[in-house]
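First comes the structure, then the notes that go with it.
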Amino acid sequence: ADLSSCRDAFDVARAAYDDEKLAAQMDMEIRTMAVEDAQAQFRRAMEREQVEYMHAAAAKEAAMQAELVALRAERDAAQEAKSAVEACHNALAAARAARYEEELAARKEMEIRIMSAEDAHAQLACARETAEFAESALAATQADLTAERSRRAFFQDQAQALEEALRETQVKCDNHEDALRMSQDCLLSIMEECQCPISHSFMREPVVAADGHSYERQAITRWLATHGTSPMTGAELISTVVVPNLIVAR
């Protein structure tokens with residue numbers, strides 16, 4: 001009986017435990033579902049916030065890009081304006097320089113014209129003085145012309161006499177030139193005879209070899225020491241003895 005009662009109590013306790021366990025599981029499932037719902041809501045909220053943030057960031061980036069484009073356009077416009085201003089300044093400087101060069105050239109041209117006018121006045125004054133001097137000189141020349149005519153007649157007579165004397169002198173000079181030419185030819189032939197055919201210099205100690213030609217003693221001695229032929233004809237020499245040429249030596 002006690003055992004039965006114990007089993008009944010155990011069964012009751014076990015049934016209560018199972019009920020409590022089932023209740024706890026159901027409570028856990030409910031809490032888990034609540035947590036999952038909360039997490040899903042949180043994720044949806046985060047996704048909405050992220051989408052909103054991305055839209056806001058894209059809009060901000062587009063605005064910044066537009067502002068950057070506007071700033072670049074303003075910068076380009078400013079650079080173009082600066083370039084235009086610099087071009088204007090350069091053109092103005094070039095125009096000023098050109099105007100200065102024109103003024104300087106005009107001033108130089110004016111100075112040159114003034115100097116030319118002064119030179120022309122000076123030349124005109126000099127020409128007037130020259131004309132006055134020429135007039136006085138012309139009068140003196142006309143006076144001298146008459147005297148010159150008389151002197152010319154006298155000089156013409158003297159010139160004719162001098163021409164006659166000059167012709168006679170020319171004939172004498174021609175005769176002297178012919179004689180001088182003959183003397184030069186004779187002197188050249190003598191000089192050729194006095195030159196050694198080997199050394200081509202004037203002979204100081206002339207000698208006659210067996211070929212009948214005259215040579216300088218040292219030159220023909222050196223030749224005969226190595227050759228047995230004539231330096232002039234190339235023929236064999238019958239003798240190597242040389243004789244002094246007294247005529248050429250004198």
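Side chains are part of it too, since the values below use all heavy atoms of this structure and drop only hydrogens, waters and symmetry mates.
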| request: May I have the step-by-step check of salt bridge (Lys or Arg N to Asp or Glu O under 4.0 Å) for Arg99 and Glu103, ending in yes or no? | output: CA-CA 6 Å; Arg99 184 176 178 182; Glu103 291 179 355; 3.4 Å; yes
| Atom OH in Tyr100, atom CZ in Arg107: separation rounded to 0.5 Å? | 7.0 Å
| Any ion pair linking Lys108 and Glu111 (charged N to carboxylate O, less than 4.0 Å)? | no
| query | Does a side-chain N-to-carboxylate-O contact under 4.0 Å join Arg181 and Asp178? | reply | yes
| Would you say the side chains of Gln41 and Asp37 form a donor-acceptor pair under 3.5 Å? | no
| query | Between Val242 and Thr221, is any pair of side-chain heavy atoms under 4.5 Å apart? | reply | no
| Counting only heavy atoms not in Arg167, do more than 12 fall under 6.0 Å of its CZ? | yes
| request: Taking the side chain as every heavy atom from C-beta outward, state whether Pro206 and Arg217 have any pair of such atoms under 4.5 Å apart. | output: no
| query | Out of curiosity, Glu29 CD to Glu36 CD, how far, rounded to the nearest 0.5 Å? | reply | 10.5 Å
| Ile220 reachable from Leu237 in the ILVMFWY side-chain graph, under 4.5 Å edges | yes
| Any pair counted as ring-ring contact (aromatic ring centres under 6.0 Å, His included), so long as it reaches residues 205-226, sequence neighbours left out | Trp223-His227
| field | Polar side-chain atom of Glu216 near backbone of Ser201 as donor-acceptor pair, under 3.5 Å | value | no
| query | Is Gln218 atom CD crowded by more than 12 heavy atoms from other residues, nucleotides or ligands, each under 6.0 Å away? | reply | no
| field | Presence of salt bridge, Arg43 and Glu47, under 4.0 angstrom | value | no
| Path from Val208 to Met232 over hydrophobic side-chain contacts below 4.5 Å | no
| query | Just how far is it from atom CZ of Phe154 to atom CZ of Arg151, taken to the nearest 0.5 Å? | reply | 11.5 Å
| said: Looking at Ala23, is its backbone amide N or carbonyl O close enough to the side chain of Asp27 to form a donor-acceptor pair, meaning the two atoms are under 3.5 Å apart? | reply: no
| said: Between Asn175 and Val171, is there a side-chain heavy-atom distance shorter than 4.5 Å? | reply: yes
| query | If you measure from the Lys or Arg side-chain nitrogens to the Asp or Glu carboxylate oxygens, is any gap between Arg113 and Glu109 under 4.0 Å? | reply | yes
| task | Indicate whether the side chain of Asp211 and that of Thr233 have a donor and an acceptor atom separated by less than 3.5 Å. | result | no
| task | Please check if Val207 and Phe202 belong to a single hydrophobic cluster, counting links between Ile, Leu, Val, Met, Phe, Trp and Tyr side chain heavy atoms closer than 4.5 Å. | result | no
